[in-house]
Amino acid sequence: MTSNPGRTGFVLLLLAILATLPLWMTSLYYVNIASQILFWAVFALGLNVLVGYGGLVSLGHAGLFGFSGYVAALLMVNGYSHAAALPAAIIGTLLMTAVFAALALRSTGISFLMITLALGQILWGIAYRWADVTRGDNGVNVAGRPSPFGIDLTEPRAFYVAVFITFILCLLSMLALVRSPYGASLRGTRDQPRRMRALGFNVWMIRFIAFLFSGFWTAVAGILFIYYNQFISPQVMALQTSAEALLMVISGGTATLAGPVVGAAIVVIMKNVVSAYVERWNMVLGIIFVLIISFMPEGLVPGTARLWRSMMGRRRAAKMPLGLKVAGEGSR
Amino acid sequence: MAVWSLLAVNSLSLGGLLFLLSAGFSLIFGLMRIPNLMHGSFFMLGAYLGASLLQRGYNFWFAALAASAAMVVIGGLVERLLLRRLAGQELAQVLLTLGLSFVIADLCLMIWTGDPIQPATPAQLGGGVRTLGMFFPIYRLAIIGIAVAIALGLWVLIDWTRLGAMIRAGVDDAPMARVMGIQVSRLFTAVFCIGAALAAFAGVMGSPFLSVYPGLDADMLPLALIVVILGGAGSLLGALVGSFIIGLLYNFGQAMFPDLAYVILFLPMVLVLILRPQGLLGRVQT
């Protein structure tokens, strides 16, 4: 966590490029791709709070992501304004997240993952089978995008700016989280839950708050998703979406701020490129999973950082630990 | 009355099928601590292989056994070549099996296309029996019988044989079992293969009434999950009890609240998590 002036400069440069993207990018197609990358990055950053810093791997986040989208979409279809639908979607998703957390935090490690997977499937099942309310497989069309301060977001560049601002807010909140005492205690519960408990921390509450924080940004990403696509169907809540989000977090590198963003960029770009040539995106997704797990389990950002350091001559003898850590009660 | 008893038979046969699916899942998860997210894929791939053999005119039981044998090979390869390298890294194993399940789902879509296949029930088990003025399909009764027989066989294997004792020893303390001369890694491969074979067998047995379609894996995996969460990981009796509870809920839920049947399935899981997180018959992990 040492601040490195070179790295800070590089990050600021990247952000400046992203901020000015609508000014120099002529093709609207690429502006839209950039919007997609940024709202998926918000989702991945939210998931990373649990996966990376909390050591709690959730496979049910697509359920929360889709829940937020569905609540917003269904309210708008039934005549509510954007100003009413958005807070309702976020508050509703936070409540749902609290239910998820209360059930899933009965355990840690692999059981946690299994429970979140099952809970995510329930939400998918509701969206898919309870057709009277959710319109089932036909999905829900969302009429339009809002116009905050008189700026019409139906224009792709304007929408991009809105997504970018949300993304920056998300990134800043993550930075604040990581640097706060709370962030340190969250990492503590990941690495040494028993010691944290012995030190008097309420491990359960720390994890619960992390889950809510994660759920908040997942809800925001879900809203951006339906505004971008103007459509939502049960497919969004399927296990594939949770797996894609997890792939973003892991391929970029867990427990880093840049990792989920890089991972989101990789997955979105790859998905668009692959889909242009073949129909077999799911197979590609699966193969990437297998390859990353087998050969670069620490993720691309820490992996590249390691290579960079060794190239700069500051070789460290210590081998990188596996990026995937699971919180458990660790009796060994 | 007749409707209710038919529902009960259907529930029990679905429960039997779920037991065949989740017994392997429970053993692999509970004993080896491998969360095998490919288990639904084993079920679906087995069902597809069986359906293809049936279309070529092979005998039903031959098709079921051949699909199981194929899954022993595939399961063994996955365990030996991929999962073994990640021993002890549970999360990496989850993601690997998840990735492989996507690959298998897409391969099945490529080979068997998106149209559902519904094999006929085997001729010698067609029709039904009439007792007490009611009509029961023989095939459903046969599934219940086979599931109970396999449950008994597994129980004898794990609890009463030398092999079972060795498996339990390997689970409780693998290094110590190795010192005693037990080849733990081979045993675990064997357990993984048995689990894969049972899932494939269940897939073929279930195909006449579930039919085989893309997404069958994603439909079955959560069912295996809730059965194991309900019954307790690693407990065969737990898997049996959990399977029949879910089988009953599924059929009666479908009859009474068709829209919400799928959600009702998860209610016992929620209750168990709140009241008894280790599962009805699960052991508390030490």
Side-chain angles (χ1 to χ4, degrees), chain A residues 51 55 57 59 99 102-107 109-111 113-115 117-126 128-134 136 238-240 242-244 246-247 250 254 279-294 297 322-326 328-329 331, chain B residues 29 33-35 37 40 81-82 85-86 89-107 109-110 215 217-219 221-226 228-229 233 254 257-267 269-279 282 285-286:
Chain A
V51 175
V57 182
L59 269 179
V99 173
L103 291 171
L105 287 176
R106 298 290 288 176
S107 61
I110 293 306
S111 306
L113 181 142
M114 299 278 181
I115 295 167
L117 171 57
L119 290 171
Q121 285 305 112
I122 301 185
L123 290 185
W124 171 84
I126 294 176
Y128 184 52
R129 316 255 162 126
W130 200 9
D132 293 347
V133 174
T134 64
L239 181 55
Q240 267 81 353
S242 286
E244 266 171 41
L246 197 55
L247 180 67
I250 289 167
T254 57
E279 284 177 51
R280 307 255 85 91
W281 163 243
N282 275 345
M283 187 177 299
V284 175
L285 177 69
I287 291 173
I288 298 167
F289 249 96
V290 173
L291 290 180
I292 287 185
I293 297 303
S294 300
L322 183 71
L324 308 167
K325 277 185 223 150
V326 190
E329 294 309 305
S331 54
Chain B
F29 180 43
R33 305 299 303 161
I34 292 184
L37 294 188
L81 298 181
L82 294 170
R85 293 155 40 114
L86 301 170
Q89 303 170 33
E90 293 171 336
L91 185 55
Q93 291 173 333
V94 175
L95 298 173
L96 184 89
T97 52
L98 186 64
L100 287 174
S101 77
F102 291 160
V103 174
I104 291 182
D106 226 23
L107 277 177
L109 193 61
M110 266 169 84
D217 55 344
D219 280 353
L221 179 67
L223 294 183
L225 268 181
I226 46 181
V228 171
I229 293 174
Q254 204 113 58
F257 318 95
D259 278 352
L260 292 174
Y262 193 76
V263 180
I264 291 172
L265 281 185
F266 291 86
L267 290 181
M269 179 193 90
V270 170
L271 278 180
V272 160
L273 282 176
I274 293 170
L275 301 173
R276 201 179 150 80
Q278 73 271 32
Q285 291 285 326
T286 46

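In the text below, chain A, chain B and the rest are named by the order of the sequence lines, each starting its count at 1.
Atom CD1 of A:I115 and atom CZ of A:R106 lie 9.0 Å apart (nearest 0.5 Å). To the nearest 0.5 Å, the span separating CG on A:L117 from CD1 on B:I226 amounts to 10.5 Å. One finds the OG atom of A:S242 at 12.5 Å from the CG atom of A:L247 (value rounded to the nearest 0.5 Å).
Only the side chain of B:I229 comes within contact range of chain A, with at least one heavy atom under 4.5 Å from a heavy atom of that chain. In this structure, the portions of B:V103 lying under 4.5 Å from any heavy atom of chain A include both its backbone and its side chain. Contact of B:P222 with chain A is made through the side chain alone, with heavy-atom distances under 4.5 Å. Looking at B:I104, neither its backbone nor its side chain comes within 4.5 Å of chain A, counting heavy atoms on both sides. Neither the backbone nor the side chain of A:I288 has a heavy atom closer than 4.5 Å to any heavy atom of chain B. Heavy-atom distances place the side chain of A:L113, and not its backbone, under 4.5 Å from chain B. If you measure heavy-atom distances from A:L123 to chain B, you find no contacts under 4.5 Å at all. Neither the backbone nor the side chain of B:L265 comes within contact range of chain A; no heavy atom of the residue lies under 4.5 Å from a heavy atom of that chain. Both the backbone and the side chain of B:L100 come within less than 4.5 Å of a heavy atom of chain A.
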Practice item. Report the C-alpha separation of B:L109 and A:N282 in whole Å, then their side-chain angles, then the decisive distance to 0.1 Å, and conclude whether the side chain to side chain contact (heavy atoms under 4.5 Å, CB included) test is met. Key: CA-CA 11 Å; B:L109 193 61; A:N282 275 345; over 6 Å; no
- Quick one: do B:L37 and A:L239 satisfy side chain to side chain contact (heavy atoms under 4.5 Å, CB included)? Show the steps, please. CA-CA 11 Å; B:L37 294 188; A:L239 181 55; 5.7 Å; no
Test side chain to side chain contact (heavy atoms under 4.5 Å, CB included) on A:L246 and B:L95 and set out the steps. CA-CA 9 Å; A:L246 197 55; B:L95 298 173; 3.4 Å; yes
>> Pair A:I287, A:V284 - check side chain to side chain contact (heavy atoms under 4.5 Å, CB included), show working.
In response: CA-CA 5 Å; A:I287 291 173; A:V284 175; 5.8 Å; no
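With chain B as the partner, the residue from A:A104, A:S107, A:G125 showing the most heavy-atom pairs under 4.5 Å is A:G125.
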